[in-house]
Engineer: 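First, the structure itself, so that you have it in front of you.
Remember, it's 1-based here, ligands and their atoms both numbered in the order they're listed.
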Amino acid sequence: MKTLSPLQIERLKYQPKLPKCLSEGINSLEMVEGAATQSVRDQEQIKALFTNTYGKPVVTFEHSGVVKSSEQRNIGVILSGGQAPGGHNVIAGLYDALKQANPSNKLYGFLGGPSGIIDGKYVEFTDEFIDQYRNTGGFDIIGSGRTKLETEEQFQKSLAVCKKLNISAVVIIGGDDSNTNAALLAEWFVKNNTGIQVIGCPKTIDGDLKNDQIEISFGFDTATKTYAELIGNIQRDANSAKKYWHFIKIMGRSASHVALEAALQTQPNITLISEEVEAKKMSLESIVNYMCDIIVRRADRGKNFGIVIIPEGLIEFIPEMKSMIANLNDIMASLETDPDFVNATTIRDKFDIVENRLDDDNAKVYNSLPAIIKGQLLADRDPHGNVQVSKIETEKLLIEMITTRLNELRQQGDYIGKFSAQSHFFGYEGRCAFPSNFDADYCYSLGFNAFALINNGLTGYLSSVRNLTAPANEWVAGGVPLTMMMNMEKRHGEMKPVIQKALVKLDGPVFKQLEENREEWAMNDRYLFPGAIQYFGPSCVCDVTTCTLQLERAKELVNA
Ligand code: FBP
């Protein structure tokens, strides 16, 4: 019986590329410090909360030519939040760097996400164990979880586990929330003179952990290419059969980066961007009208088919929905222990309880939704108190509303076409794919570089690898203070320090590319078919980065 697929066997042999300075030896790096930094907003509050880790400089590494000795260290690593292709390579890069620095160094992996460090559940990595996971997708090497690491009790327990294993540094691989927790833990460890360092690595397929210092989070490259392949295949099917409108919801909890990138790679007929919907204050009705206008105009040309891309988080950006969901979140928090709600025997009873508590306008909006969506809005919140948007079938809601509107238009004599729709949700399909060469190299470099930051005594930093549109040997490795990316935001009704999420910039080059082309793509089928990710072959096919990175980098160079 086969235990590995042919591609698995080949990918295990792939040697990820490193930036030149890192490839020349972990013990011969020189750290170059920039100027002191400050947080992106709310400087006084962030400074007061992070008295020990605030204001540190951005650092970069250069090859010094002088080999230094490196003291023995034990390090712990945590995978946190949703899966993203390349997580295994971050750990492999970290492991290889620490073994290169001092072969007696040890790496422990905490199991099941942040809860592993609290509960003392771990595994020690060996060559044999780690070698099975090189260049593979998924987080199954140690598992992941969404436990928030933020209370005094959790920090005390984590400290006890670190002391038991003689761990002097922890690497947290996660998104904005997990790295916010990394910043809190780093500060707490310094404040309590534990000597334990904390370094973060920027992970999330959503692509919203980025800023002036972090060009992109890992996983975005592979996930968007995987979705683009699937969209391209569906476009080919739609263009062959010419009988369906395909409504494709694309993962990305809040920001629309993933949907936008997938659209640029495939050029579908309609792409909704949540940030634009919010900025233009588009109601659900006006979104439906915008889409119907294109459907009607295409039908006039005899085209009763098309492709629609919908970002996963859309519902929370539609003004009336946003207000209703915020109201609903508060109500759901208060109903968690309410016996009438918890013991309600039918979903109808739950709807009634919720409707009675919603403010009048919000109750009207809630009431106007189909029962299936009303039910999905009542599903459990995530640990941050948010609606789990991946569980809300916005694509089906839009199909239902568009069908109704098209029937009205037909009765008025304004629509002559046939409307038959298929719905899809691409999310989990892309989160654990084999990492693209870009993600394999980027992740390995991020992990390798995380050790360089530890080796140079830093804490409260995010591993940063930049200049990513250039070949890997020209990438620039260094670190960014986590506090530099923070601001104050309301969470669970209280103002908290958090890493700022990057939403799609409507005046940025990536959105502009869509805006300039969407009418052409709507009416004339300009579908692109990216095909499957290629791992072997010419570098113009295998190593090419996303449109998002390329457009943003080109703009940066023009402005420089
Ligand atoms: P992270 O921000 O933790 O990387 O997770 C992102 C994500 O994949 C979102 O795109 C999606 O909404 C969410 O996770 C789904 O979460 P779950 O895996 O818990 O269903």
Side-chain angles (χ1 to χ4, degrees), residues 78-88 90 112-115 137-140 142-150 172-182 200-211 214 216-227 248-262 273-275 309-317 325 329 376-377 379-395 424-433 435 439 442-443 446 462 485 489 491 498-504 548:
I78 298 170
L79 286 165
S80 182
Q83 285 69 251
H88 290 163
V90 180
S115 62
F139 279 5
D140 41 331
I142 49 174
S144 186
R146 290 196 184 274
T147 302
K148 273 177 75 64
L149 201 53
E150 58 176 358
I172 298 181
I173 302 168
D176 52 337
D177 285 323
S178 311
N179 277 297
T180 294
N181 295 154
C201 284
K203 171 236 71 168
T204 178
I205 63 156
D206 294 1
D208 55 6
L209 175 48
K210 65 174 174 181
N211 46 52
I214 302 293
I216 195 66
S217 53
F218 78 77
F220 178 76
D221 189 87
T222 310
T224 52
K225 285 173 179 163
T226 306
Y227 302 141
I248 309 173
K249 185 174 74 169
I250 307 277
M251 206 174 236
R253 221 211 82 76
S254 194
S256 308
H257 300 292
V258 181
L260 178 54
E261 172 63 29
I273 296 296
S274 307
E275 290 82 345
I309 303 292
I310 304 156
E312 182 187 55
L314 176 72
I315 196 146
E316 284 193 300
F317 285 75
I325 289 172
N329 283 347
Q376 288 162 0
L377 282 165
D380 289 343
R381 270 41 189 168
D382 74 7
H384 307 281
N386 301 314
V387 172
Q388 299 190 54
V389 277
S390 60
K391 295 192 175 151
I392 299 177
E393 294 174 310
T394 332
E395 66 287 16
H424 314 263
F425 170 37
F426 296 156
Y428 302 97
E429 292 83 347
R431 293 202 317 187
C432 285
D439 269 330
Y442 181 40
C443 290
L446 284 170
L462 191 64
M485 300 178 256
E489 286 176 25
R491 296 285 160 96
V498 292
I499 291 181
Q500 205 178 43
K501 225 185 236 313
L503 298 179
V504 168
T548 302

Engineer: Are any of the side-chain nitrogens in Asp208 or Lys501 under 4.0 Å away from the carboxylate oxygens of its partner?
Structural biologist: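 Answer for the salt bridge query: yes.
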Engineer: Can you name the residues that form a side chain to side chain contact (heavy atoms under 4.5 Å, CB included) with Pro85, not counting sequence neighbours?
Structural biologist: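 Counting only residues at least two positions away or on another chain, Pro85 forms a side chain to side chain contact (heavy atoms under 4.5 Å, CB included) with Ile205, Thr222, Pro435.
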Engineer: Could you list the residues that satisfy ring pair (Phe, Tyr, Trp, His ring centres under 6.0 Å) with Tyr442, not counting sequence neighbours?
Structural biologist: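 Counting only residues at least two positions away or on another chain, Tyr442 forms a ring pair (Phe, Tyr, Trp, His ring centres under 6.0 Å) with Phe438.
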Engineer: Do Ser256 and Ser274 meet the criterion of a side-chain donor-acceptor pair at a distance under 3.5 Å?
Structural biologist: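 Ser274 and Ser256 do have a side-chain donor-acceptor pair below 3.5 Å.
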Engineer: Donor-acceptor pairs under 3.5 Å, side chain of residues 426-433 to any protein atom, not counting sequence neighbours: which ones?
Structural biologist:
unit_1, atom_1, unit_2, atom_2, d
Glu429, OE1, Gly427, N, 2.7

Engineer: Quick check for students: name every N or O atom pair between ligand 1 and the protein closer than 3.5 Å, with distances.
Structural biologist:
unit_1, atom_1, unit_2, atom_2, d
ligand 1, 2 (O), Thr204, OG1, 3.4
ligand 1, 3 (O), Gly82, N, 2.8
ligand 1, 3 (O), Arg146, NH1, 3.0
ligand 1, 3 (O), Lys203, NZ, 3.2
ligand 1, 4 (O), Lys203, NZ, 3.0
ligand 1, 4 (O), Thr204, OG1, 2.9
ligand 1, 5 (O), Arg146, NH2, 3.2
ligand 1, 8 (O), Arg431, NH1, 2.9
ligand 1, 10 (O), Asp206, OD1, 2.6
ligand 1, 10 (O), Asp206, OD2, 3.4
ligand 1, 10 (O), Gly252, N, 3.4
ligand 1, 10 (O), Arg253, N, 3.4
ligand 1, 12 (O), Glu312, OE1, 2.7
ligand 1, 12 (O), Glu312, OE2, 3.4
ligand 1, 14 (O), Arg146, NH2, 2.9
ligand 1, 14 (O), Arg431, NH1, 3.2
ligand 1, 16 (O), Arg146, NH2, 3.1
ligand 1, 18 (O), Arg431, NH1, 3.0
ligand 1, 18 (O), Arg431, NH2, 2.9
ligand 1, 19 (O), Arg146, NE, 3.3
ligand 1, 20 (O), Tyr428, OH, 2.6

Engineer: Is there a side-chain contact between Ile392 and Leu377 in this structure, where contact means two heavy atoms from C-beta onward sitting under 4.5 Å apart?
Structural biologist: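 The answer is yes, as the side chains (C-beta and beyond) meet within the 4.5 Å cut-off.
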